[in-house]
There are 2 protein chains.
Amino acid sequence: MRTVFEKPDAIALVAEVFRECGYEGASISTITARTRLSKGSLYHFFPGGKEQMAAEVLAHVDAWFAREIFVPLETAEPHQAIAQMWTAVEDYFRSGKRICLIGAFALDETRDRFAKPIRSYFERWTNALEAALTRNGTPAGDGRQLAEDAIASIQGALVLARAMADETIFERSLGRMRLRLASHAT
Amino acid sequence: MRTVFEKPDAIALVAEVFRECGYEGASISTITARTRLSKGSLYHFFPGGKEQMAAEVLAHVDAWFAREIFVPLETAEPHQAIAQMWTAVEDYFRSGKRICLIGAFALDETRDRFAKPIRSYFERWTNALEAALTRNGTPAGDGRQLAEDAIASIQGALVLARAMADETIFERSLGRMRLRLASHAT
DNA sequence: CATCGTATAGACCGATCGGTTTAGTAACGC
DNA sequence: GCGTTACTAAACCGATCGGTCTATACGATG
């Protein structure tokens, strides 16, 4: 039997395994088992092995957020860009059933391996949100803090939703944060 | 050469390794290397192996939070108990340089292994904080949401602080949340 | 149809995994 | 001093780790 994959498919499949298992928890054999890609295919696409797989997965996630969230926040009409951010986030994390791979990598020592992409992902997100809030009329001093609160809320809600196995927590938490951001505009 | 340990010391040492590496990332040999406990000692204290080590570490963390935070929130004068919670949290996580082991375990599949302790830790915390807020005069409907927001903020701030390698984020985020809780009392 | 490059399957490798066993050494009750 | 218990050190085990390699299947191009 022989199934043919393309590299973009491979990245998406591998991403899901890292998301579920973490970097250390995702062994090559669990990756082959869950993605149905053989070792040969994996090392064909990612000659650099597990580290390259994770690096490309991080880049792939970052690119998605850049396209759907960061760029709109940076360039589009702020009110609409912020609204789009909330729907994109809710959609992406599937009510907290899916976690933030980059946030998860940040917690243990795999952070050191991928420090730069992890850091720039969160920095770009907070900077972009702060800029959009400011353009939207949020008072000067409040923008930075609200942006940090919003992104921390998202990350924290993911932890809580998984820990308590309760999807409603994620949506409720996001709903409240969305209102807080809106209420600080002029 | 021979060094003698007691089990409580062993638990605290092993806890730090799990905190830094995660469950899967903490191999027995990294544990022996970082704790200076030999395999013999480890399996003497924890005959159930790695899983027992993690289970006892989780119980140890839970006991600390119960003593320093949950019980005060549940039984002591609410205003003071909430103040004590914030100082205990800031102290425990060392300005975000230390992460929440239980939150980190919740993110990947190790959650399934320790679902019960993880869940009950967060449930007790939110319930205790909600009860204290209510006793402190927070309007009926707001208590639950504020409690969830506060704990999610803490978890999220830990992610952000580590991701951006910026300790100030944790303290600023906690400072804001503390004010929000206080401002909702009567 | 022949050929050639791309991609897949899976045997195979040394190293490390979690865990067991054996052989102790120190501290304490008597 | 003598046994017993509590604890440690390290050799050792099969399984699994990340990674390599060979063989082959397939689509595109001639």
Side-chain angles (χ1 to χ4, degrees), chain A residues 1-60 101 104-105 108-114, chain B residues 1-60 101 104-105 108-114:
Chain A
M1 192 53 196
R2 195 184 143 89
T3 319
V4 178
F5 295 90
E6 313 251 330
K7 185 158 179 181
D9 305 335
I11 291 179
L13 288 167
V14 172
E16 225 49 44
V17 182
F18 278 126
R19 212 191 299 280
E20 291 161 6
C21 304
Y23 182 77
E24 296 293 345
S27 73
I28 299 294
S29 56
T30 64
I31 293 175
T32 60
R34 298 196 190 193
T35 62
R36 317 296 298 169
L37 278 98
S38 68
K39 277 193 180 189
S41 304
L42 280 173
Y43 281 88
H44 170 71
F45 289 130
F46 311 101
K50 198 172 158 179
E51 182 143 2
Q52 186 186 350
M53 294 176 209
E56 297 214 23
V57 161
L58 287 179
H60 177 258
L101 190 100
F105 275 22
D108 58 36
E109 288 195 348
T110 60
R111 179 196 62 162
D112 305 334
R113 228 187 256 261
F114 306 106
Chain B
M1 193 53 196
R2 194 185 145 90
T3 319
V4 177
F5 295 90
E6 313 250 328
K7 184 156 180 184
D9 306 333
I11 291 178
L13 288 167
V14 173
E16 225 50 43
V17 183
F18 278 127
R19 213 190 299 280
E20 291 161 5
C21 307
Y23 182 77
E24 297 292 344
S27 75
I28 298 295
S29 55
T30 65
I31 293 175
T32 61
R34 299 196 189 193
T35 63
R36 320 294 299 170
L37 277 98
S38 68
K39 277 193 182 191
S41 305
L42 280 172
Y43 281 87
H44 170 71
F45 290 129
F46 312 100
K50 198 172 159 179
E51 182 143 3
Q52 186 187 349
M53 295 175 208
E56 297 214 23
V57 161
L58 287 179
H60 177 258
L101 189 101
F105 276 22
D108 60 34
E109 288 195 348
T110 60
R111 179 195 61 164
D112 304 335
R113 229 186 255 262
F114 306 106

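Here is how names work: the chains are called A, B, and so on, in the same order as the sequence lines, proteins then strands, and each is numbered from 1.
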Side chain to side chain donor-acceptor pair (under 3.5 Å) between Ser41(B) and Ser38(B), worked out | CA-CA 5 Å; Ser41(B) 305; Ser38(B) 68; 3.2 Å; yes
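- The separation between Lys7(A) atom NZ and dT6(C) atom P is 14 Å, rounded to whole Å.
- Phosphate proximity of dT8(D) to His44(B): absent, as no side-chain N or O sits under 4.0 Å from OP1 or OP2.
- Side-chain N or O atoms of Thr30(A) include none that pairs as donor or acceptor with a backbone N or O of Ala26(A) at under 3.5 Å.
- Rounding to whole angstrom units, CD of residue Glu6(A) and C1' of dC26(D) are separated by 13 Å.
- At the heavy-atom level, Ala26(A) lies under 4.0 Å from the strands shown only through sugar-phosphate atoms.
- Using a 4.0 Å heavy-atom criterion, one finds that Gly40(A) contacts the bases of the nucleic acid, with or without backbone contacts as well.
- For the pair Tyr43(B) OH and dA9(D) P, the interatomic distance rounds to 16 Å; values are reported in whole Å.
- Remark: Ser38(B) is not in phosphate contact with dT8(D), judged by side-chain N or O atoms under 4.0 Å from OP1 or OP2.
- Annotation for Phe45(B) and Lys7(B): closest pair O-NZ, 3.3 Å, computed over non-hydrogen atoms.
- Taking side-chain N and O atoms only, Ser41(A) has no distance below 4.0 Å to OP1 or OP2 of dA7(C).
- As a whole-Å value, the separation of Leu42(A) CG from dT8(C) P is 9 Å.
- Here the P atom of nucleotide dT8(D) and the CG atom of Leu13(B) are 11 Å apart, to the nearest Å.
- When side chains are defined from C-beta on, Ile28(A) counts as touching Tyr43(A), because their heavy atoms get closer than 4.5 Å.
- Between the C1' atom of dA6(D) and the CG atom of Asp9(B) lies a distance of 15 Å, rounded to the nearest Å.
- The residue among Ile28(A) and Arg36(B) whose nearest nucleotide of DNA chain D lies closer to the 5′ end is Arg36(B).
- Nearest heavy-atom pair, Phe105(A) versus Ala54(A), reported as atom, atom and distance to 0.1 Å: CE2-CB, 4.2 Å.
- For Glu24(B) and dT16(D), the CD to P distance is 14 Å, given to the nearest whole Å.
- Of the candidate nucleotides dT20(D), dC17(C), dC17(D), dC17(C) has the atom nearest to the side chain of Ser27(B).
- Here Ser29(B) reaches the OP1 or OP2 of dC17(C): one of its side-chain N or O atoms lies under 4.0 Å away.
- Straight-line distance from the CD1 atom of Ile31(B) to the C1' atom of dG18(C): 10 Å, rounded to whole Å.
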